[in-house]
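Please read the structure below before turning to the comments.
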Amino acid sequence: MPSCAHGNDSSESTSCSGGPNNYGVRTVSEELDDHSATGLEAEKERRLNDIARRRSSGSEPYPYRFDRSHSLADVRSAHGHLEAGTETDAQVALAGRVMLKRDQGKLIFLTIQDRTNQLQLFVSKAVVGDEQFDDIAALDLGDWVGAHGTVMTTRKGELSVKTTAVVLLSKAVRPLPDKWHGLTDTDTRYRQRYADLIMNESSRRAFAVRHEIIASFRRTLAGQGFIEVETPVLHVEAGGAHARPFLTHHNALDMQLFLRIALELHLKRLIVGGMERVYEIGRVFRNEGISPRHNPEFTMIELYQAFADYSDVMAITETLITNAAVDATGSSVVMIDEKPVDLAKPWRRVRMIDLVTEATGVEVHPSQPRAQLVELASRHSVKVEAQWGPGKIIEELFEATSEAALREPTFVTGHPVEISPLARVDRNDAHLTERFELFVGGRELANGYSELNDPVEQRQRFEEEEKSKAAGNLEAGTVDEDYLRALEFGMPPTGGLGIGIDRVAILLAGAASIKDVILFPTLRPEVFEQ
RNA sequence: GCGCCUUUAGCUCAGCUGGUAGAGCAACGGACUCUUAAUCCGCAGGUCCUGGGUUCGAUCCCCAGAGGGCGCACCA
């Protein structure tokens, strides 16, 4: 029944007197619902009634635009040092969301928030007049407002704007979370990111850091003559990495397509084409588990530089990440496991086989008999699958014994050929490649190598992959004939790099989870009632 | 996929061998011209995640399921 009917016949109750909705406008709840709303529904109904009231008195709760003269940070930086009790004649027009309201009788203090900061509006009944004062008093937390006034400080010294007018820019129908405790429920924070961003400065900061990292990467690469490109997301072959792909279908072509798992093979086609220095920042998709460090879609930057090898690429990696740290956080020092690490210092370079030897006390090399490595693996509780060769076993030993301890930035180099089908063989060791992976805080952040550019050898490596796939390895690749044709035209010596941007953002934002640096992380769908 | 934890008002959280629920904030009514999570008085607000079971009786115990978190596995 309508909220004003008090149990009487509800069939002709649209103009009951004394209630809050006698403005000749049927409320939404009356249109949709014959029952009195409670809780959240009552709150929404109340606010919808306020919208109707404002419209009936000739003001629009959702105006089209507002001329803002300053951001809230602008006001703070220009007037941040005023003494308490100062009035200025500095006119400003501000816009923001009402976050706090302190109604003091004939004074109202509103704290508004824009993307730069928060600021207090000082509203005096004597200044704005009775009618407007009542409209301001009727504002709710969450409403967007525009305010005109002059900069002042209160007797206690709080920087404020003495408002001559406050206009509603958008009425919020749904209440904000708790003004003090904010929004902490992780599920709600990820699903309703809008509410998280309104309430949590730490969340806004994480995404600011992410933005600065990407902007910094672009600046660094522009300064080194790199060109940004875009390549297909829909792939006929999902190559360039070891991962299970997402499968999709194109109707008009009636064909199966994969979402890309890496950017690599298309970018190297561009190196063949003579573009010399290219990079792409883009989303890749891997159909694997979700964890605090894994999201099914994530963002990589990959770059390729002609005439360079993996040593050059390691230097670029250091520059990119150190610059990004300074640009995003103001410092090259990051906290890892609660200890400071200065990224500006040179990063350790060490071969994977040497790390395994260090950890196990046993010399390892991909050339040694498989049985010896199987035995070593079992001593370190590493389960070995039948189709794994010596190289794969060494990688597993590395992951089990060494990886987690690589807290300070470390380039792990010299990956076995078996696990590196696109990397060039080490010029000094035919069983290893000129490859590196960067580990920081025990996590892989980047991967790069001297690119294999010999089309005959590349075909052999692809065929090895395909054999592995046939043997049941779901992450193994296939022979990409078009890529081989490209290599046949001749790819210059090239160094390549891939960096997981989400992982860098986790590191530099000090985030606990990848979900804290992805605006809309992958979640199971929410079930909506009705 | 497996294990552990978790789900109570819009938000943040209590809830006693098992006797059908409370607080703070937000909201509503009232007081207040310098507040700072304003304060004070008053009032209202619930599918206790869902479905079964045990019981005279279930937010609580049992079973199954759902969402989320963490760890393991997979991976970057």
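Below, chains carry the letters A, B, ... as their sequence lines are ordered, and counting in each starts from 1.
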Under the ring pair (Phe, Tyr, Trp, His ring centres under 6.0 Å) test, residues paired with A/His211 that sit two or more places apart: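 Residues passing ring pair (Phe, Tyr, Trp, His ring centres under 6.0 Å) with A/His211: none at all.
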Starting at atom [atom1] of [X], determine the distance to atom [atom2] of [N], rounded to an integer number of angstrom.
X	N	atom1	atom2	answer
A/Leu100	B/U39	CG	C1'	15 Å
A/Arg189	B/G67	CZ	C1'	17 Å
A/Ile290	B/A76	CD1	P	16 Å
A/Trp180	B/C25	CH2	P	13 Å
A/Asn200	B/C11	CG	C1'	12 Å
A/Glu41	B/G10	CD	P	9 Å
A/Gln113	B/A37	CD	P	15 Å
A/Lys179	B/G10	NZ	P	19 Å

Give [X] one of three labels, base, sugar-phosphate or nothing, depending on what nucleic acid heavy atoms sit under 4.0 Å from its own.
X	value
A/Asn295	base
A/Thr184	sugar-phosphate
A/Arg191	sugar-phosphate
A/Gly498	nothing
A/Gly289	base
A/Ala241	nothing
A/Glu158	base
A/Lys162	nothing
A/Arg46	sugar-phosphate
A/Leu445	nothing
A/Asp178	base

Considering only atom [atom1], compute the distance from [N] to [M] and round it to an integer number of Å.
N	M	atom1	value
B/A38	B/C25	P	10 Å
B/C48	B/A21	C1'	8 Å
B/C11	B/G53	C1'	34 Å
B/G3	B/A73	P	16 Å
B/A64	B/C41	P	50 Å
B/G29	B/A44	C1'	10 Å
B/U39	B/C34	P	16 Å
B/U8	B/A14	C1'	10 Å

Distance-only polar pair, side chains of A/Glu437 and A/His415, donor-acceptor under 3.5 Å: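 On atom types as modelled, these side chains qualify, holding a pair under 3.5 Å.
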Distance-only polar pair, side chains of A/Asp114 and A/Thr116, donor-acceptor under 3.5 Å: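 Their side chains do contain a donor-acceptor pair, which is all the 3.5 Å distance test asks for.
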Would you call [X] and [Y] a salt bridge, using N to O less than 4.0 angstrom?
X	Y	value
A/Lys469	A/Glu465	no
A/Asp140	A/Lys101	no
A/Arg46	A/Asp50	no
A/Arg293	A/Asp502	no

Ring geometry between A/Phe246 and A/Phe285 (parallel below 30°, tilted from 30 to 60°, perpendicular above 60°):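 Correct class here is perpendicular.
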Ring geometry between A/His266 and A/His235 (parallel below 30°, tilted from 30 to 60°, perpendicular above 60°):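 Aromatic pair A/His235/A/His266 classed tilted.
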Paired and unpaired positions of RNA chain B as dot-bracket, Watson-Crick or G-U wobble under 3.5 Å, | denoting a partner strand: (((((((..((((.....[..))))..((((.......))))......(((((..]....))))))))))))....
Atom NZ of A/Lys515: over 12 foreign heavy atoms under 6.0 Å: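 Counting neighbours around NZ of A/Lys515, more than 12 heavy atoms of other residues, nucleotides or ligands fall under 6.0 Å, so yes.
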Side chain to side chain contact (heavy atoms under 4.5 Å, CB included) partner of A/Thr111, chosen from A/Lys179, A/Glu158, A/Arg102: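 Only match with A/Thr111 under side chain to side chain contact (heavy atoms under 4.5 Å, CB included): A/Arg102.
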Side chain of [X] (C-beta onward), nearest among [options]:
X	options	answer
A/Gln104	B/C11, B/A73, B/U33	B/U33
A/Leu523	B/A37, B/U12, B/G68	B/G68
A/Tyr190	B/G69, B/G10, B/C34	B/G69
A/Ser124	B/U33, B/U36, B/A37	B/U33
A/Arg286	B/U33, B/G67, B/A76	B/A76
A/Leu107	B/A76, B/C28, B/C34	B/C34
A/Phe109	B/U33, B/G24, B/C34	B/C34
A/Phe298	B/A27, B/C34, B/A76	B/A76
A/Gln120	B/C34, B/U36, B/G67	B/U36
A/Ser291	B/C34, B/A73, B/C11	B/A73

Closest-nucleotide 5' rank along RNA chain B - winner of A/Arg102 and A/Leu141: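 Nearest nucleotide further toward 5': that of A/Leu141.
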A/Arg174 or A/Leu139, whichever maps to the more 5' nucleotide of RNA chain B: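 Going by which nucleotide is closer to the 5' end, it is A/Arg174.
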Side-chain donor/acceptor contact of A/Asp185 with base of B/G68 under 3.5 Å: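 Answer no: no donor N or O sits under 3.5 Å from an acceptor.
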